[in-house]
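Written out below as structure tokens is the structure these notes cover.
Reminder, nothing fancy here: chain letters follow the sequence lines and each chain counts from 1.
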Amino acid sequence: MNENKNKGPDENALIAERRRKLTEMREVGNAYPNDFRRNALADELHQTYGGHEGDHLREEEIHVKVSGRMMVKRVMGKASFIKLKDRTTQIQVRLERDRLAEGLYQKFKKWDVGDILCVSGTLFKTNTGELTVMAEEVTLVTKSLRPLPEKFHGLADQEMRYRQRYVDLIMNEESRDVFRIRSQIITYIRAFLDSQDFLEVETPMMHSTPGGAVARPFETHHNALDMKLFLRIAPELFLKRLVVGGFERVYEINRSFRNEGVSTQHNPEFTMLELYRAYADYNDLIEMIEALFKGLSQSILGSTTITYQEDEIDFSKPFARITVEDVIQKFNPDIDATRLRDREYLAGLATDLGVKVQDNAGAGKLQMEIFDKTCETKLRQPTFVTAYPTEVSPLSRRNDDDPFLTDRFEFFVVGRELANGFSELNDPEDQAERFREQVENAAAGDDEAMSYDHDYIRALEYGLPPTAGLGLGIDRLVMLLTNSASIRDVLLFPYMRPEVFD
RNA sequence: GGGCCGUUAGCUCAGUUUGGUAGAGCAACGGACUUUUAAUCCGUAGGUCGAAGGUUCGACUCCUUCACGGCUCACCA
């Protein structure tokens, strides 16, 4: 038996048996060779030779070198079938004792499902027409010490799928597909923006003043400088500094961090697209989002209609647009439309809905409470809600005709917010005033209120051109396009409480 | 944070209602088998039933607390 220090957690008899096999391999040579180079991937072989007649293939004598993890092993006496899985898909291999070097077949029979093999051989087709490699040489290049989950059901345990994503990815092709699509979505977004002359940038993730969103930040500490730092809650204020600097079109596909609850739609760290475009307003962004979503669904899923859980979503029609006050009326038909900005009236409605009304909440804040309670989940089809109250939009440009409102929208699909955008507030004096209000709110106990960012005001004083900007939740977008019910299904390593190893 | 549900062999699951000391399939181990497709056939081994207490002659089963997870409500994004 091996020494204790070499053992991983959860050692059991199955692992011990495989460890014993590894020890035997070490005794007769290099147990972890790395000198084999394949010359074909499984899906290339299926595409190129899958249509060939079996007799034809025999005559062609096509030699290939493949490698991958052994997912299936069927030993039938002096011959066996196995399946190797590479990054594309699986390819079957047949091993016959009498075609292999002396004693090799006996060694192979001790290998386990999960081991990583390299095979050289010739293509042929089985009686049932499956493209298969007849092995001439076979090498075990990585011994797998841990047994894989059961082949038919795969890995079903949700907790283990998230904690040990590597096992989930080995076993569940649907899970691999989700992350392939995630990558395609991000690639598509980059191409979409790059083609419009946007510059991709990276801005700090550690902020001395958190800002750009309404949320509690994570705090950390810089030892050498002995100072408090915050993980960013949004890159917004840095990106707008870049527009001041003359990068008129910028974007960042960013990881941001918010110290809030965890749910099927919230992870402490999440990915967002933020983009800023000078000489544009929020209507231009609405058009961009509409074009982006139509292009994405067509390109990624091959259709402009998609199924998400219980909903059929149609991206082909023009997306709906409605103002906050109109949508509140639509879903609250008994409301008194003449009192939509009457704080006392709204406070009463909010209280009836179970909202704890804060003393410093104005009509705008209360409108949003009512919206969240009565409207949000009903916005199933793609909808832009516009004209958000200034009170809840401290970075948005005030509407020219109605100072109660800003030129802002949020984008909803399947009852969830996917994006938030607005014409940027580029009046430094108005912005300074809004920051002061936020500071007052913080003093009054609002622990999500923004801080006063002096350097950001200074940047605005140099002059931010008229600009529009938006944030788009990438994780929620991926959920939508992969029909995933939980944000954890689209995050490779979602946040989990630490596992206890004893 | 509240509510509901779950945690049994490496994996997928029975067993809990009605307490009597744990089962199957796959995987493993030994054997048979040269075209399988969740291969098949014979045999063997594998579990302090999430943890700790309690009730009981006796607890996987009933009760309490805790841990982790899922769904959901609240809060938010």
Sticking with atom P, work out how far B/A45 lies from B/G30, rounded to a whole angstrom.
-> 15 Å
For atom P, what is the distance between B/A67 and B/A77, given to the nearest Å?
-> 28 Å
Record whether the side chain of A/Gln92 comes under 3.5 Å of the base of B/U36 through a donor-acceptor pair of N or O atoms.
-> yes
Which one, B/A38, B/A39, B/A74, comes nearest to the side chain of A/Arg74?
-> B/A39
Could you state the atom-to-atom distance from CD of A/Gln164 to P of B/G69 in whole Å?
-> 14 Å
From B/G69, B/A77, B/U35, pick the nucleotide closest to the side chain of A/Met496?
-> B/G69
Please give the nucleotide sitting opposite B/U37 as a Watson-Crick or G-U wobble pair, both distances under 3.5 Å, or none.
-> none
Contacts of A/Arg488 and A/Glu269 projected onto RNA chain B by closest heavy atom; the upstream (5') one is A/Arg488
Around A/Glu499, counting heavy atoms of other residues, nucleotides and ligands shown, do more than 12 lie under 6.0 Å from its CD?
-> yes
Base, sugar-phosphate alone, or nothing: which one does A/Lys373 contact when heavy atoms must sit under 4.0 Å apart?
-> sugar-phosphate
Out of B/G69, B/A77, B/C29, minimum distance to the side chain of A/Gln158 belongs to B/G69
Between B/G47 and B/A28, how far apart are the C1' atoms? Round to whole Å, please.
-> 15 Å
When the P atoms of B/U21 and B/U61 are considered, how many whole Å apart are they?
-> 14 Å
If you take atom types as modelled and just measure distance, does the side chain of A/His266 reach the base of B/C76 with a donor-acceptor pair under 3.5 Å?
-> yes
Of the candidates B/G10, B/A77, B/A74, the side chain of A/Arg476 sits closest to B/A77
Indicate, yes or no, whether a donor-acceptor pair under 3.5 Å links the base of B/U37 to the side chain of A/Glu130.
-> yes
Nearest of B/A38, B/G69, B/C11 to any side-chain atom of A/Glu159?
-> B/G69
Closest nucleotide among B/C13, B/U35, B/C29 to the A/Phe81 side chain | B/U35
N/O donor-acceptor pair, side chain A/Arg94 with base B/U34, under 3.5 angstrom | yes
Classify the nucleic acid contact of A/Val75 as base, sugar-phosphate or nothing, counting any heavy atom under 4.0 Å across all strands shown.
-> base
CD1 of A/Ile487 versus P of B/G70: gap in Å, rounded?
-> 13 Å
Base, sugar-phosphate, or nothing for A/Asn267, non-hydrogen atoms under 4.0 angstrom?
-> base
Ranking B/C71, B/C76, B/C29 by distance to the side chain of A/Ser486, first place goes to B/C71
Nearest-Å distance once atom P is located in both B/G2 and B/C60 = 29 Å
Pairwise P distance for B/C13 and B/U56, with rounding to whole Å | 37 Å
Within 45 degrees of the axis of the six-membered ring of A/Phe108 and under 6.0 Å from its centre: does A/Lys73 put its NZ or CZ there?
-> yes
Please round to the nearest 0.5 Å and tell me the distance separating atom OG1 of A/Thr390 and atom CZ of A/Arg398.
-> 5.0 Å
Winner on side-chain proximity to A/Thr264, out of B/A28, B/C71, B/G69, is B/C71
Would you kindly check if the NZ (Lys) or CZ (Arg) of A/Arg241 is within the cone defined by 45 degrees around the ring axis of A/Phe238 and under 6.0 Å from the six-membered ring centre?
-> yes
Options B/G70, B/U34, B/A28, nucleotide nearest the side-chain atoms of A/Leu14 | B/A28
Is the centre of the A/Phe493 ring less than 6.0 Å from the centre of the A/Tyr166 ring?
-> no
Separation of A/Met479 atom CE from B/A77 atom P, in whole Å?
-> 17 Å
Integer-rounded Å distance: B/C73 C1' and A/Lys356 NZ | 13 Å
From CG of A/Asn12 across to P of B/A28 the rounded distance in Å is 13 Å
Lys/Arg-Asp/Glu bridge criterion (N-O < 4.0 Å) met for A/Arg69, A/Asp115 | no
Test: A/Arg408 cationic atom under 6.0 Å from A/Tyr388 six-membered ring centre, within 45° of axis = yes
Opposite nucleotide pairing with B/U18, Watson-Crick or G-U, both atom distances under 3.5 Å | none
Test of ring centre spacing under 6.0 Å for A/Phe384 and A/Phe409 = yes
When you measure from the side chain of A/Lys151, which nucleotide among B/U12, B/G70, B/A39 comes out closest?
-> B/A39
Write down the distance between CZ (A/Arg20) and C1' (B/G30), rounded to a whole number of angstrom.
-> 12 Å
Identify, between A/Ala485 and A/Met134, the residue whose nearest nucleotide on RNA chain B lies closer to the 5' end.
-> A/Met134
Provide, to the nearest angstrom, the distance between the CD atom belonging to A/Glu24 and the P atom belonging to B/C29.
-> 11 Å
Partner nucleotide of B/C60 by Watson-Crick or wobble geometry (both distances under 3.5 Å) = none
